[in-house]
Amino acid sequence: MSPVRVRFAPSPTGFFHIGSARTALFNWLYARHTGGTFILRIEDTDKERNSDEFLRVIYDSLAWLGMNWDEGPRVGANGGGDFGPYRQSERAHIYREYLEKLRAAGRTYEKDGATWFKLLGERHTVFDEHRKKEVEKVKTAPMVIDDAIRGRVERVEDEDFVIFRSDGNPVFHFVNVVDDIAMKITHVIRGEDHLSNTSKHVALFEAFGVKPPVFAHIPLILKQNGPGKMSKRDQGALIEEYQRRGYLPEAVVNFITLLGWNPGGDREKMPIEEIVRLFDLPAVNQSNARFDDKKMAHMNMLYLLALPPAEFTAKARAYFEARKVATGGADDAYFEAVMALAQPKIKGIEELPAYTAYFWGEDYPTDEKAKAKALAKGEPKARLAELIEALRSPAADFASDTALEALIKSLAEARGLGFGDYQGVARIAVTGLSAGPSLTSILRLLGRERVLARLERFVATL
RNA sequence: GUCCCUAUCGUCUAGUCUGGUCUAGGACACUACCCUUUCACGGUAAGAACCGGGGUUCGAAUCCCCGUGGGGACGCCA
């Protein structure tokens with residue numbers, strides 16, 4: 001069998017969304033699994049709707065997700081190849097050439113200034129309910145689609161269709177097939193929304209005398225709420241959104257791979273090498289999958305938890321810089337120490353600024369509801385006074401969590417109380433929050449001076 | 001309206017090809033409890049599904065047919 005050649009063929013007419021990303025991913029996975037070639041082809045024949053910004057988003061998103069292309073537009077380390085150019089806007093001469101082949105074979109005609117592809121068979125006219133007009137139908141044999149996911153699908157293509165617009169530009173169906181022939185594509189992996197177009201494509205392949213590639217129509221991703229497939233406007237649809245929010249690309253890749261494919265059994269979190277090894281077309285599901293942002297967030301948390309602390313810190317640093325989150329001139333060691341406390345606790349990088357706000361300066365928000373709750377029980381004023389006194393003593397060792405813990409515990413024991421009687425009120429006083437890392441770790445990082453100042457300032461407001 | 005695809009917990013799915021091992025497994029979410037220094041994490045438990053009807057068969061989640069539901073396509077968009 002000839003080596004696998006697959007392509008991802010986006011059109012830069014909108015932001016890169018999750019469905020496109022998964023189509024790209026399945027192509028990339030199949031190429032890597034089979035040792036084949038992954039080709040990026042830009043379908044920019046619709047000049048009105050294309051933009052360079054969208055093109056850049058495609059390149060960025062693919063790179064971010066780790067999908068390198070072997071052939072295609074040259075960007076960074078990716079691209080090049082012998083079947084270029086890889087942007088359809090630069091392939092006009094090739095389309096002309098292929099059009100001549102069809103013309104010579106008598107398979108085209110002109111109508112209303114456009115060039116049409118002529119189906120073979122008897123013709124008759126019927127009234128079309130959907131389009132509310134008379135249309136010419138052609139009696140043809142069903143087109144056979146050999147689909148690696150759905151098996152054999154038959155569909156009758158019974159109307160001629162435009163292949164060159166009256167403005168002289170070729171349309172999608174034509175360029176798609178011509179390029180797949182010219183680029184020697186062996187497997188066409190794309191969304192199921194193209195399944196009904198495929199009969200047109202098979203008709204074109206046959207007209208060119210070329211055996212069609214193997215098709216693989218993957219199920220669609222449905223929107224989380226409401227009917228229909230996911231579109232660019234839906235919450236969670238845009239890849240660059242995940243990038244911006246500090247999601248880990250490995251987690252995004254792992255999650256969207258599982259939307260429509262799985263290796264069988266219970267495995268979910270898998271390194272990409274493992275996914276490449278196990279991925280295959282027949283295992284792809286045939287039914288659509290609904291997007292679930294909670295499960296996506298959970299997968300991200302799993303990856304976050306497994307990240308080496310130094311990498312977590314680097315990601316956090318990059319996120320803080322991109323978002324211009326001030327850290328009060330914190331040095332690397334302090335930043336790293338704070339992140340070490342936060343990493344096992346949070347679900348996403350985006351939670352970090354709010355979760356760690358009180359570490360960077362004295363200007364942090366207080367959760368008033370939590371404050372009221374913490375003050376409602378016991379004798380908070382007395383507990384704070386005792387704590388201040390104890391922490392002021394030179395005997396309080398702010399370098400050690402266990403020493404601080406022992407100190408508070410002995411304070412509690414002497415009064416027949418528990419650690420919790422100090423923990424809650426001290427936490428709200430020092431962090432403004434009711435939840436966070438271990439209190440003693442917070443005290444240690446903040447240091448005696450800042451802790452005492454905050455406690456005293458807090459007591460003064462009571 | 002026509003054509004095509006599809007159907008297991010609320011959601012993602014395992015199991016379907018090769019019928020019996022399925023009183024249908026896992027994960028997310030939800031609930032309770034445990035762990036605990038709050039919050040997470042983790043652990044335990046609970047609830048939760050084979051769309052309906054026919055057929056084939058000793059036996060159907062699994063094979064076939066018909067409904068129904070869901071999705072897609074029907075552009076001089078891609």
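Note on naming: letters A, B, ... go to the chains in the order of the sequence lines (proteins, then strands), and numbering restarts at 1 for each one.
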Which of A/F174, A/F117, A/W116 passes side-chain contact (heavy atoms from CB on, under 4.5 Å) with A/F164? It is A/F174
Worksheet item: At under 4.0 Å, does any side-chain N or O of A/R131 touch on OP1 or OP2 of B/G75?
Response: yes
Kindly say whether, by distance alone, the side chain of A/K294 makes a donor-acceptor pair under 3.5 Å with the base of B/A29? no
- request: Establish, from distance only, whether the side-chain atoms of A/T198 and A/R190 form a donor-acceptor pair under 3.5 Å.
  value: yes
Next item on the list: Could you tell me whether A/E97 and A/K101 have a side-chain N and a carboxylate O separated by less than 4.0 Å?
Entry: no
When rounded to whole Å, the CG to P distance for the pair A/D292 and B/G10 reads 14 Å
Whole-Å distance, A/Q224 CD to B/C28 P, equals 16 Å
*P atom, B/A61 versus B/G53: distance in rounded Å?*
13 Å
### Message
I'd like the P distance from B/G42 over to B/A27, given in whole Å.
### Response
11 Å
Checklist entry - Can you find a donor-acceptor N/O pair under 3.5 angstrom joining the side chain of A/S196 to the base of B/C74? => result no
To the nearest angstrom, the CZ-P distance between A/R427 and B/A40 comes to 12 Å
Of the candidates B/C12, B/A29, B/A78, the side chain of A/L259 sits closest to B/C12
From the candidates B/A14, B/C41, B/C5, the one with an atom nearest any side-chain atom of A/L195 is B/C5
Across every strand shown, the nucleotide meeting Watson-Crick or G-U wobble geometry with B/C77 (both distances under 3.5 Å) is none
Exercise. Hey, does the side chain of A/K269 come within less than 4.0 Å of B/G26's phosphate (OP1/OP2), counting only N and O?
Worked result: no
* Kindly say whether, by distance alone, the side chain of A/S438 makes a donor-acceptor pair under 3.5 Å with the base of B/U38? => no
The Watson-Crick or G-U wobble partner of B/U38, with both key distances under 3.5 Å, is none
Rounded to whole Å, CD1 of A/I428 lies from C1' of B/C39 at a distance of 12 Å
Partner of B/C51 under the Watson-Crick or G-U wobble criteria, both distances under 3.5 Å, comes out as B/G67
Whole-Å distance, A/Y358 OH to B/C39 P, equals 14 Å
Atom CD1 of A/I18 and atom C1' of B/C12 are separated, to the nearest Å, by 13 Å
Just checking A/A289: base, sugar-phosphate only, or nothing, at a heavy-atom cut-off of under 4.0 Å?
sugar-phosphate
The answer to which of A/K295 and A/L220 contacts RNA chain B further toward the 5' end, by nearest nucleotide, is A/K295
Checklist entry - Hey, does A/G228 reach any base, or is it just sugar-phosphate, or nothing, if we go heavy atoms under 4.0 Å? => result sugar-phosphate
A/R150 atom CZ is separated from B/A7 atom C1', nearest whole Å, by 12 Å
Pairwise C1' distance for B/C58 and B/C74, with rounding to whole Å
48 Å
Rounded to whole Å, the NZ-C1' distance (A/K133 to B/C76) equals 11 Å
- For B/U11 versus B/G19, give the span between their C1' atoms, rounded off to a whole number of Å. 29 Å
Closest to the side chain of A/P227, out of B/G71, B/C41, B/A78, is B/G71
Exercise for the section: May I ask you to check whether over 12 heavy atoms, not counting those of A/E136, lie within 6.0 Å of atom CD? Expected result: yes
### Message
Classify A/G260 by what it touches in the nucleic acid, base, sugar-phosphate, or nothing, heavy-atom distance under 4.0 Å.
### Response
sugar-phosphate
Side-chain atoms of A/K345 come closest, of B/C39, B/A78, B/A14, to B/C39
In terms of side-chain heavy atoms, does A/E43 have a donor or acceptor partner in A/N176 at a distance below 3.5 Å? yes
> Mind checking whether A/Y242 and A/Y247 have parallel, tilted or perpendicular rings, split at 30° and 60°?
Replying inline: perpendicular
Legend entry - Nearest-Å distance once atom P is located in both B/G15 and B/G26: 15 Å
Exercise for review: Would you say whether A/H130 stacks on B/C74? The test is a distance between ring centres of less than 5.5 Å and an angle between planes of less than 30°.
Suggested key: yes
So does A/K132 get a side-chain nitrogen or oxygen closer than 4.0 Å to the phosphate oxygens (OP1/OP2) of B/C74? no
The answer to which of A/N288 and A/A283 contacts RNA chain B further toward the 5' end, by nearest nucleotide, is A/A283
Heavy atoms under 4.0 Å, any strand shown: does A/S434 hit a base, just sugar-phosphate, or nothing?
-> base
As its Watson-Crick or G-U partner within any shown strand, both distances under 3.5 Å, B/A14 has none
Check your understanding: Given B/A14, is OP1 or OP2 found less than 4.0 Å from the side-chain N or O atoms of A/N285?
Key -> yes
Taking any heavy-atom pair under 4.0 Å as a contact, classify A/Q286: base, sugar-phosphate, or nothing.
sugar-phosphate
Check: Touch check for A/G436, heavy atoms < 4.0 angstrom, all strands: base, sugar-phosphate only, or nothing?
Finding: base
| said: Between A/S199 and B/C4, is there a contact of a side-chain N or O with OP1 or OP2 at under 4.0 Å? | reply: no
Using Watson-Crick geometry (N1-N3 plus N6-O4 or O6-N4) or G-U wobble (N1-O2, O6-N3), each under 3.5 Å, B/G19 is paired with none
Picking from B/G72, B/G1, B/A78, the nucleotide nearest the side-chain atoms of A/H194 would be B/A78
ask   = Base, sugar-phosphate, or nothing for A/S287, non-hydrogen atoms under 4.0 angstrom?
value = sugar-phosphate
* To do: Using only side-chain N and O atoms of A/R290, determine if any of them is under 4.0 Å from OP1 or OP2 of B/C28.
  => no
* To do: Look at all strands and tell whether A/E159 reaches a base, only sugar-phosphate, or nothing, counting heavy atoms closer than 4.0 Å.
  => nothing
The single option from A/Y59, A/W28, A/F8 that satisfies ring pair (Phe, Tyr, Trp, His ring centres under 6.0 Å) with A/W69 is A/Y59
Check: For A/R165 and B/C77, is the shortest distance between a side-chain N/O and OP1 or OP2 below 4.0 Å?
Finding: yes
Problem set entry | Parallel, tilted or perpendicular: rings of A/F279 and A/F26 (30°, 60°) | tilted
Using the P atom on both, measure B/A40 against B/U13 and round to a whole Å. 29 Å
- Task: Decide if the gap between the ring center of A/F359 and the ring center of A/Y364 is smaller than 6.0 angstrom.
- Result: no
Inset, instruction - Select base, sugar-phosphate, or nothing to describe what A/E268 touches, counting heavy atoms under 4.0 Å on all strands. - result: base
_What's the gap between B/A60 and B/G54 when it is taken at their P atoms, as a whole Å value?_
13 Å
Q.
Apply salt bridge (charged side-chain N to carboxylate O under 4.0 Å, His left out) to residues A/D367 and A/K373 and explain how you reach the verdict.
A. CA-CA 10 Å; A/D367 180 343; A/K373 207 174 162 191; over 6 Å; no
>> Taking only the C1' atom of each, what is the distance from B/U6 to B/C28 in whole angstrom?
In response: 23 Å
